[in-house]
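Atom set for the values below is all heavy atoms of this structure, side chains included, hydrogens, waters and symmetry mates excluded.
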Amino acid sequence: MKRVKLLHNEKQQKVEPEKLLGDWEKDRQRKATYCFAKGCLQTKGLRAYIVKLTADDTHEMIVPLCSRHAKTSGSFELEDY
């Protein structure tokens with residue numbers, strides 16, 4: 001499991017979560033069907049957000065998240081990505 005935090009900065013604000021979700025689905029060649037936060041299987045209102053690994057704080061990735069986890073200010077774990 002990876003512990004991540006949302007990237008709340010200008011980069012995130014310049015890219016619409018809906019566009020990121022489309023990019024993620026195209027790259028993975030599959031539809032996002034649930035939130036990737038550990039233990040959350042929410043399927044409605046999914047959008048993609050940029051997160052950073054809390055361990056090295058340099059690696060960024062895009063993950064589908066539900067609206068509740070998109071508002072998280074602290075760090076959280078992802079399901080196997």
Next on the checklist: Among residues at least two apart in sequence or on other chains, which ones pass side chain to side chain contact (heavy atoms under 4.5 Å, CB included) with Ser75?
Outcome noted: Arg3, Lys5, Thr54
To the nearest 0.5 Å, what is the distance between [atom1] ([X]) and [atom2] ([Y])?
{"X": "Leu21", "Y": "Ile62", "atom1": "CG", "atom2": "CD1", "answer": "10.0 Å"}
{"X": "Glu60", "Y": "Leu53", "atom1": "CD", "atom2": "CG", "answer": "10.0 Å"}
{"X": "Cys35", "Y": "Leu41", "atom1": "SG", "atom2": "CG", "answer": "8.5 Å"}

Item to check | Glu18 (side chain) donor-acceptor with Arg47 (main chain) under 3.5 angstrom | outcome: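 Not confirmed, Glu18 side chain does not pair with Arg47 backbone.
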Next on the checklist: Are Phe36 and Trp24 an aromatic pair, judged by ring center distance below 6.0 Å?
Outcome noted: yes
Next on the checklist: Using 30° and 60° as the class boundaries, would you call the ring planes of His69 and Phe76 parallel, tilted or perpendicular?
Outcome noted: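 If you compare the ring of His69 with that of Phe76, the planes turn out tilted.
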Next on the checklist: Which residues pass the salt bridge (Lys or Arg N to Asp or Glu O under 4.0 Å) test with Lys31, not counting sequence neighbours?
Outcome noted: Glu25
Item to check | Exercise: identify the closest heavy-atom pair between Cys40 and Cys66 | outcome: SG-SG, 3.8 Å
Could you see if [X] belongs to whatever hydrophobic cluster contains [Y]? Use Ile, Leu, Val, Met, Phe, Trp, Tyr and a side-chain cutoff under 4.5 Å.
{"X": "Leu78", "Y": "Ile50", "answer": "yes"}
{"X": "Val63", "Y": "Val4", "answer": "yes"}
{"X": "Tyr49", "Y": "Met61", "answer": "yes"}

